[in-house]
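Working notes, beginning with the structure itself.
From a predicted model like this one, the values you see are computed outputs, not experimental measurements. The first residue in the sequence is number 1, and the count goes up from there.
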Amino acid sequence: MEEVRWKIVLASNSPRRKELLGGLDIPFEVRVLDDVDESFPHGFPTREIAGYISKKKADAYQVTMADDELIITADTIVVLGEEVMGKPVDEEDARRMLHALSGKTHQVITGVCLTTRERQVCFSVETDVTFKTLTDEEICYYITHYRPFDKAGAYGIQEWIGYIGVTGMNGSYFNVMGLPVQRIYEALKVFNKGKVC
């Protein structure tokens with residue numbers, strides 16, 4: 001990719017997002033604001049939630065960003081039917097989520113916003129993930145050894161549970177990890193040329 005004319009800022013503490021964005025070979029820094037509101041209105045369309053929260057995060061950063069900066073914000077949710085699964089609050093919640101996902105296909109949706117002082121481009125990427133029927137022992141082992149409390153849906157596809165549990169996927173693997181880097185790469189190329197996506 002040609003040299004990016006913006007100072008890229010990743011607005012996330014996630015080590016997975018940092019690793020994924022780093023894979024694009026583009027220099028960036030990480031900047032995280034405290035207490036960014038991640039709520040959404042009751043009854044909000046399920047598949048629009050991740051995009052809505054990502055834009056709220058971007059709007060919070062616009063106040064402090066420099067003229068030459070491009071902020072990348074993202075939010076990932078897991079959706080089973082109409083239930084939105086965020087990060088589990090404790091072991092019991094993680095166990096409940098994994099039992100619900102067991103033997104079913106769910107969607108992982110990541111909303112992303114690329115924001116400068118002049119422009120903002122937002123999009124969402126959706127991936128279907130299918131789990132085999134997980135045993136109680138497998139769920140217990142995973143929660144005990146991997147402590148997936150910082151992950152939407154209580155799992156990381158790149159961890160043990162993904163190795164033994166995922167039987168199918170339709171869409172971007174990296175999106176399931178938390179950042180659809182292929183789409184971000186294409187959006188950055190367009191930003192670089194000063195065109196509208």
Trace of the salt bridge (charged side-chain N to carboxylate O under 4.0 Å, His left out) decision for Arg147 with Glu91: CA-CA 8 Å; Arg147 316 295 292 172; Glu91 285 192 24; 2.7 Å; yes
Trp160 vs Tyr142 aromatic rings, parallel, tilted or perpendicular, using cut-offs 30° and 60°? parallel
Checking Arg16 against Glu19 for the salt bridge (charged side-chain N to carboxylate O under 4.0 Å, His left out) test, could you report, in this order, the C-alpha distance in whole Å, the side-chain angles of both residues, the deciding distance, and whether it holds? CA-CA 5 Å; Arg16 293 169 299 283; Glu19 176 188 355; over 6 Å; no
Mind listing the closest non-hydrogen atom pair of Ala50 and Thr110 along with its distance? CB-C, 4.2 Å
Salt bridge (charged side-chain N to carboxylate O under 4.0 Å, His left out) evaluation trace for Lys87 with Glu38: CA-CA 12 Å; Lys87 298 171 184 175; Glu38 297 186 17; 5.9 Å; no
Identify the two heavy atoms, one from Ile184 and one from Leu114, that lie closest to each other, and give their separation to 0.1 Å. O-CD2, 4.5 Å
Hey, does the side chain of Glu83 reach the backbone of Leu80 with a donor-acceptor pair shorter than 3.5 angstrom? no
So, Arg95 side chain and Cys140 main chain: donor-acceptor pair closer than 3.5 Å or not? no
Taking atom types as modelled and ignoring hydrogens, do the side chains of Thr76 and Arg17 form a donor-acceptor contact shorter than 3.5 angstrom? yes
So among Phe131, Tyr146, Phe149, which one has a ring-ring contact (aromatic ring centres under 6.0 Å, His included) with Tyr155? Phe131
Where is the tightest heavy-atom contact between Val181 and Leu20, given as atom of each residue plus distance? CG1-O, 3.5 Å
Nearest non-hydrogen partners of Met65 and Thr115, listed with the distance: CE-O, 3.2 Å
May I ask you to establish whether Arg183 and Phe123 are in a cation-pi arrangement, using a distance under 6.0 Å from NZ or CZ to the six-membered ring centre and at most 45° from the ring axis? yes
